[in-house]
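Numbered from 1 within each chain, the chains take letters A, B, ... in sequence-line order. Heavy-atom basis, side chains included; hydrogens, waters and symmetry copies ignored.
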Amino acid sequence: MLLTSLYNYWVVIALMMIGLYMVLAQGNLIKKIIGLNIFQTSVFIFYISVGKVNGGNAPILAHGETIYSNPLPHVLILTAIVVGIATTSLALALVIRIKRAYGSVEERDIQAEDRPC
Amino acid sequence: MDLLLDLALLSLLLLTAVSIAWTRDMFAAAMLTGIYGLLSASFFMTMGAVDVAFTEAAVGAGISPLLILATLALCGRNQKADPPRAMLALCLVGAVGALLIAATLDMPAFGDPGAPAHIHVAPHYIGESFAEIGIPNVVTSVLASYRAFDTLGEVVVIFTAGLGVLSLLLALREQQHPIRALSAPHPQHLVLRLVAKVLIPPILIYALYVQFHGEYGPGGGFQAGVIFAVGFILYALVFGLDAVKRVAGHGVVQFLAALGVLIYGSVGLLGMATGKNFLDYSALAADPVSGQHLGIIVIELGVGITVAAVMMLVFYLFSEQLQRGLEDGSGKELTSGRAG
Amino acid sequence: MLTHLPILQVILPLVAAPSCLIIRRASLVWLFTLGVSIAAFAVSALLLQQVSTSGAITYGLGGWDAPWGIEYRIDLLNAWVLLVVTGISTVVLAAARASVQAEMDQARQTLFYTLYLLCFAGLLGIVATGDVFNVFVFLEISSLATYALIALGRDRRALWAAFQYLIMGTIGATFILIGIGFLYMMTGTLNMADLAQRLPEVSSSSTVLAAFAFIVVGVCLKLALFPLHMWLPNAYSFAPSIVTAFLAATATKVALYLLVRFTFTVFGVQFSLTSLPLQSLFIGLGLAGVFVASVVAIYQVDIKRMLAYSSVAQVGYMVVGIGISSVVAVQATLLHLFNHALMKGGLFLALAGLAYRAGSCHIDAFRGLGRTMPWTMAAIVIGGISLIGMPLTVGFVSKWYLISAALESNLWFVALLVVMGSLVAVVYIWRLVEAAYFQEPAGDQPPVVGEAPLSLLLPTWLLISANLYFGIDTRLPVEVTGAAAQYLFGGAQ
């Protein structure tokens with residue numbers, strides 16, 4: 001019972017953790033951003049799973065349909081996706097500037113450069 | 001059947017995520033990110049979230065891999081070995097994951113129609129939105145009217161990101177020699193040019209369709225804006241950045257980005273001028289329902305304009321960086337990267 | 001028009017921002033931005049007056065009733081924070097012109113003011129709203145603008161600082177998003193007042209507990225509560241001077257507001273502070289923050305960085321107040337929110353003046369400054385005294401309330417540690433005094449040519465005099481925060 005009703009959420013949690021791990025552990029800045037992307041997208045998957053109603057249709061009203069999936073999580077995630085791509089583009093622009101200023105996009109090289117000699 | 005599809009998609013997502021974490025080839029990681037976006041979009045489809053699927057396909061499988069690839073072209077495709085703190089990260093991630101798993105134990109079952117989320121606010125949207133707003137797509141009703149202020153915030157977020165990218169990459173642009181094409185245009189690729197010429201008009205028309213059909217089916221200003229920008233980006237890739245900039249230069253896209261936000265804000269202020277609250281469209285026309293309809297069309301237009309303009313602005317700025325990186329002479333160091 | 005005050009508060013800067021791009025000329029844009037900030041300040045003053053006479057105001061956006069639509073809800077707590085943010089923003093903007101001209105090229109100045117307004121609007125939106133998802137959206141507006149503003153710093157390390165903050169900030173925001181999702185899942189609503197009503201029913205579920213944990217950790221990342229403060233010192237040190245003054249005086253205050261709003265209004269005192277071991281956690285982390293950050297501050301040679309660590313310490317005091325969680329303690333927190341904004345606003349503006357003349361905030365630049373820049377240095381000394389918490393300054397008022405709250409709750413060791421924390425502050429402020437008044441300028445240091453321009457000096461002194469004025473005439477802040485604290489504990493407004 002527990003397994004069939006919650007497995008969806010557990011897989012989503014695994015996805016989130018893979019993303020979060022990449023952000024925290026990987027030294028390449030672009031890889032960090034990709035990790036952040038995966039982390040956020042997985043949270044979106046979680047929200048959309050919350051909106052699922054068994055037997056429900058897409059929430060576009062039609063005659064003869066009575067069960068729809070919950071539209072509110074969809075709306076929230078539409079907004080969140082936009083916020084996500086906005087963050088990604090700003091982060092990538094920062095990475096380009098960092099590459100020009102430090103000559104590297106590896107966390108270790110950058111920290112070594114900044115260490116006062 | 002549903003269950004099988006669901007399981008298959010989730011397993012593929014998991015597989016893709018692991019491969020992205022695993023690979024040291026950043027180019028592969030970028031392409032896999034696109035696949036991850038496409039898979040999540042498919043998953044959203046199976047959950048009945050058609051609008052979200054549309055947007056995720058455009059963003060997750062389109063825009064974000066494109067930007068990542070552009071950045072990689074400048075920063076090198078090979079990743080170095082990780083700094084030695086994987087254990088710490090693993091502990092943190094483990095703790096967060098454990099908390100999340102614990103949280104699921106008291107959750108309502110997946111898909112349960114009696115879950116609190118489905119019986120409090122949402123039924124009002126499904127039951128009343130047609131009478132109150134008069135359009136069949138409930139997601140659009142909520143997005144553009146009940147929670148229109150969030151959507152205004154969303155447009156401002158995109159606008160902010162566009163300006164942020166501009167402020168980061170602007171100075172570098174100005175020291176430059178006159179800007180030439182992104183990659184040399186492809187005069188020799190007759191087929192490419194022909195296909196592009198055939199494809200671009202339908203793309204732009206489709207964008208307009210998505211823009212104005214959002215009330216009835218999946219779509220709306222954001223998706224339309226992205227598709228519209230993609231039309232221009234495709235043109236730039238085949239015929240050169242200059243060709244596009246002659247039609248819509250930096251000044252024009254910046255103006256349009258601001259204009260979209262202002263259109264949205266003005267509709268809200270118009271509501272106030274008619275004695276209603278901010279973003280109340282019901283006074284915009286003779287009867288409240290057509291007022292709502294009109295308001296939604298205009299704000300979606302504002303969204304579409306800002307999104308298309310910011311996407312193009314960001315694309316311009318990234319392409320100019322790319323161009324500079326290749327012209328620099330230091331281009332070799334920039335594109336080859338260092339093996340890890 | 002009065003009924004529209006809550007939305008005008010946010011929509012004025014929000015719509016003004018894109019207009020800046022159309023005005024384009026930097027000097028006009030600056031004037032325009034300043035005008036918008038003054039208008040926002042006037043709106044917040046009217047709001048506070050309205051709320052304190054007739055109670056909380058709600059405003060349904062789009063004309064929809066909550067919980068179906070998004071609602072703005074202004075009570076004494078957020079009216080107070082709005083006043084602090086708009087007031088500081090106005091003074092900082094008044095000082096901005098010269099400093100921004102000196103630190104940024106022409107092409108970026110217009111962008112700077114536009115991003116500033118976006119950040120300002122985002123912060124105000126977080127404070128004014130009564131909807132938890134709307135908090136997330138406006139949090140991201142202010143955050144994205146902040147990352148871009150920090151990256152405008154001249155040093156290349158500004159880029160790295162902005163990137164680190166972006167990563168930490170986005171993780172924090174995503175944690176908040178997860179928490180909001182859990183809350184929605186268990187209650188079906190996003191409206192704060194509605195959540196407060198529905199949460200007690202499900203408050204024993206692990207899902208709600210996890211929601212609380214994710215939201216508190218996410219907010220504390222933004223608040224830079226020890227040990228989640230790692231992004232702050234770099235961000236404050238390398239951002240343009242004006243950005244540091246603005247962020248130090250407003251951004252952490254807004255995060256603190258969010259912490260108070262979530263723990264007291266949304267989850268409720270009963271849940272947050274009675275059934276969870278949060279009190280000891282907040283007191284412990286707060287005091288640890290006070291000591292670790294203050295001691296680290298002593299060893300800094302860059303004075304901007306030193307004051308950044310001091311900010312982490314001051315956040316510690318505020319969180320201790322929440323931890324003690326009596327009416328007086330929360331009042332102390334809200335008082336310190338205001339007072340710390342006055343101190344750090346004044347101090348960082350003074351440093352902007354120094355950076356303008358000397359081009360650096362290194363401790364060596366302070367040598368002999370008592371003679372070459374007497375007014376700027378005097379401002380730094382008074383601000384420092386207020387930071388330490390000596391009588392006749394605002395710093396004393398909030399520490400006094402915090403200590404009496406600790407003693408009232410029989411937490412005498414907390415009171416003792418708060419006093420000791422102030423003694424550490426004496427050490428790092430004394431270093432400045434010593435360098436400025438008792439040391440000769442180093443030979444290899446380029447001589448400082450003179451006092452900071454009047455356009456920077458006047459706003460600095462406005463905030464510094466406010467440190468003294470509200471240190472003596474404490475009626476306004478004490479009355480408002482007292483009533484707000486009582487209101488948070490369910491008492492009459």
Side chains of [X] and [Y], heavy atoms from C-beta outward: is any pair under 4.5 Å?
X       : Y       : value
L76(A)  : I180(C) : no
T79(A)  : F136(C) : no
L20(A)  : T174(C) : no
L177(C) : Y47(A)  : yes
M185(C) : Y9(A)   : yes
V83(A)  : I141(C) : no
Q40(A)  : T170(C) : yes

* Asked: Of all of E140(C), R156(C), R157(C), which one pairs up most often with chain A through heavy atoms under 4.5 Å apart?
  ->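 Going by pairs under 4.5 Å, I would pick R156(C).
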
* To do: Can you tell which part of F175(C) gets under 4.5 Å to a heavy atom of chain A, answering side chain, backbone, both or neither?
  => side chain

* To do: Tell me, for F163(C) versus chain A, whether the close heavy atoms (under 4.5 Å) come from the side chain, the backbone, both or neither.
  => both

* Checking L29(A) against chain C: side chain, backbone, both or neither under 4.5 Å from a heavy atom? ->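 Contact with chain C: backbone and side chain both.
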
* L94(A) portion near chain C, given a 4.5 angstrom heavy-atom threshold -> side chain

* **Atom CD of E201(C): over 12 foreign heavy atoms under 6.0 Å** => no

* Specify the closest pair of heavy atoms between L144(C) and L90(A), including all atoms of both residues, with the distance to one decimal. => O-CD2, 3.6 Å

* To do: Report the distance from atom NZ of K32(A) to atom CD1 of I171(C), rounding to the nearest 0.5 Å.
  => 8.0 Å

* Atom CD of E107(A) and atom CD1 of I167(C): how far apart are they, to the nearest 0.5 Å? ->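 So the gap between those two atoms works out to 9.0 Å.
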
* Determine yes or no for a side-chain-to-main-chain donor-acceptor pair under 3.5 angstrom, with Y147(C) supplying the side chain and A91(A) the backbone. =>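 Absent.
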
* **Most contacts with chain C, counted as non-hydrogen pairs under 4.5 angstrom, among T87(A), N70(A), V23(A), L24(A)** => T87(A)

